[in-house]
Amino acid sequence: MSKNQANAAPERKPLTGVEKATVLLLALSRTKAAQLLRRMDAEEIRLIARAANRLPVLSAQDLAELVDEFADMFSGGIGFAGSTSEVKDLLAQVMSEEEAEELLAESAGKQEPVWVRVARLKDEIIRAYLLREHPQTMALILSRLDPTQAARIIGSLPLDVRNALLVRMLGIRTVAPDALEVLEEALREDLITLQSPAVGRHTGIADILNRLDKVQFEAALKHLAKARPADVEAMRSLLFTFDDLASLPPRALALVLNEVPPERLVLALQETDFAFQEAVLTGLPARTRRIVEMELQAESHASARDIADARRAIVDAVLRLMAQRKIEPPSAERTALVG
């Protein structure tokens with residue numbers, strides 16, 4: 001393209017990361033694109049569908065620039081125009097026609113405001129996200145939240161950070177529409193990981209921590225709290241050890257113990273103190289509790305490995321119920337470990 005042509009060309013915004021990914025999907029063969037779509041969750045597919053609705057026609061020059069980013073994934077010099085219908089054809093490879101229609105209809109219609117979606121996130125997730133951002137971005141995000149939610153989050157921050165943020169929030173007057181649009185788009189894309197921590201790195205690390213014994217768990221968590229405090233904050237709701245069992249609310253404890261055979265509970269409670277046993281056994285029906293208490297009074301020859309396996313199975317039951325949103329993690333914070 002000549003210099004005069006470049007000057008005459010209408011100016012358009014650079015493609016976002018999601019738009020580039022959409023271009024890549026549409027440029028691939030249907031088989032390969034379908035394989036990639038199968039690895040995405042529903043929210044990622046929604047982002048792809050939304051990007052397809054706003055994707056401009058790309059010239060050969062545009063594609064040449066993308067070739068530099070995607071290396072040999074593209075053939076240079078080919079004109080390209082993406083469309084919603086092409087995305088629909090791709091979606092048909094991995095889901096029913098009704099599901100594809102529903103996704104595209106949602107994307108083409110009125111989108112739910114990103115601030116409504118942010119407001120549904122847990123405070124600790126928003127807090128961890130904010131701590132990774134520039135203070136001015138933190139202040140702007142907090143200024144857009146409901147005052148009650150913003151107050152809870154600000155109140156959980158260190159005093160110096162809290163005061164600096166309040167000063168910045170007072171200094172916010174009007175925000176340029178373009179700047180706000182950039183922030184909202186970034187938040188919308190980041191919500192993939194914020195709303196789905198179970199598929200992110202936090203869950204993987206939390207799962208490893210949960211499988212350590214008490215001494216190893218506490219040592220690892222203390223180290224991580226110093227090195228990556230924001231990540232530890234984001235993982236807090238994913239962390240659970242056998243020692244936390246007695247801290248569960250009565251209803252949650254009863255649900256967990258309903259999943260645990262009495263003989264496994266007896267094994268897991270071996271070598272625990274009387275107070276812990278009493279706290280846990282309150283979640284059992286009276287008749288089952290008497291049976292377990294009698295078994296605990298009998299002499300045991302269980303190995304340390306058997307006891308550890310029984311406790312691990314109970315922790316797995318707790319984490320499974322948490323993932324199903326049937327119970328919430330204990331509300332008490334590990335202040336001694338992460339404070």
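Sequential numbering from 1 along the given sequence is applied to the chain's residues. Hydrogens, waters and symmetry mates play no part in the numbers below; they use all other heavy atoms, side chains included.
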remark   = Here the gap from Leu248 atom CG to Leu255 atom CG, rounded to the nearest 0.5 Å, amounts to 10.0 Å
inquiry  = Give me the atom names and distance for the closest heavy-atom approach of Ala150 to Leu142.
reply    = CB-O, 3.7 Å
request  = Could you tell me whether Asp316 and Arg320 have a side-chain N and a carboxylate O separated by less than 4.0 Å?
outcome  = no
ask   = Is there a chain of hydrophobic side chains (I, L, V, M, F, W, Y, each step under 4.5 Å between heavy atoms) that links Met169 to Leu145?
value = yes
Residue list, side-chain contact (heavy atoms from CB on, under 4.5 Å) with Ala179, at least two apart or on another chain = Val175, Ala176
query = Quick one: do Leu253 and Leu267 end up in the same hydrophobic cluster if we chain Ile, Leu, Val, Met, Phe, Trp and Tyr together by side-chain heavy atoms under 4.5 Å apart?
reply = no
query = Is it the case that one hydrophobic cluster holds both Ile291 and Leu265, taking links as side-chain heavy atoms less than 4.5 Å apart, direct or via other members?
reply = no
ask   = Looking at CG of Leu257 and CD1 of Ile314, how far apart are the two atoms once the value is rounded to the nearest 0.5 Å?
value = 7.5 Å
task = Could you verify whether a donor N or O on one side chain and an acceptor N or O on the other, from Asp306 and Ser303, lie under 3.5 Å apart?
result = yes
message = Is it the case that over 12 heavy atoms from other parts of the model lie below 6.0 angstrom from the CZ atom of Arg251?
response = no
query = For the residue pair Ile172 and Ser143, what are the closest heavy atoms and their distance?
reply = CD1-OG, 3.9 Å
key: Closest approach of Ala246 to Ala279 (non-hydrogen atoms, all atoms of both residues)   = CB-CB, 3.7 Å
message = On a heavy-atom basis, which atom in Met138 and which in Leu130 lie closest, and how many Å separate them?
response = CG-O, 3.1 Å
query = Does some side-chain heavy atom of Arg311 sit less than 4.5 Å from a side-chain heavy atom of Asp243?
reply = no
query = Is there a donor-acceptor contact under 3.5 Å from the side chain of Gln270 to the main chain of Val266?
reply = yes
query = Under a 4.5 Å cut-off applied to non-hydrogen side-chain atoms, are Thr137 and His134 in contact?
reply = yes
request  = Calculate, to the nearest 0.5 Å, the distance between atoms CD and CZ belonging to Gln136 and Arg168 respectively.
outcome  = 5.0 Å
task = Would you give the length of the straight line joining atom CD of Glu259 to atom CG of Leu321, rounded to the nearest 0.5 angstrom?
result = 5.0 Å
inquiry  = Run the side-chain hydrogen bond (donor to acceptor under 3.5 Å, both in side chains) test against Arg289 and tell me which residues pass, sequence neighbours left out.
reply    = Glu278, Glu293
ask   = How about Phe242 and Phe217: do any of their side-chain heavy atoms sit closer than 4.5 Å?
value = no
ask   = Is there a donor-acceptor pair under 3.5 Å between the side chain of Arg127 and the backbone N or O of Ile153?
value = no
ask   = Can you pull the ring pair (Phe, Tyr, Trp, His ring centres under 6.0 Å) pairs that have at least one residue in residues 279-301, sequence neighbours excluded?
value = none
key: Separation of Leu183 CG from Trp115 CH2 (nearest 0.5 Å)   = 4.5 Å
query = What heavy-atom pair brings Arg264 and Ala313 nearest, and what distance separates the two atoms?
reply = CD-CB, 3.7 Å
query = So, does Asp244 use its side chain to make a donor-acceptor pair with the main chain of Ser247 at under 3.5 Å?
reply = no
ask   = Can you get from Val161 to Ile126 by hopping between Ile, Leu, Val, Met, Phe, Trp and Tyr side chains that sit under 4.5 Å apart?
value = yes
note = For Ala139 and Leu165 the tightest heavy-atom approach is N-CD2, 3.8 Å
task = State the OG1-CD distance between Thr241 and Gln216, to the nearest 0.5 angstrom.
result = 12.5 Å
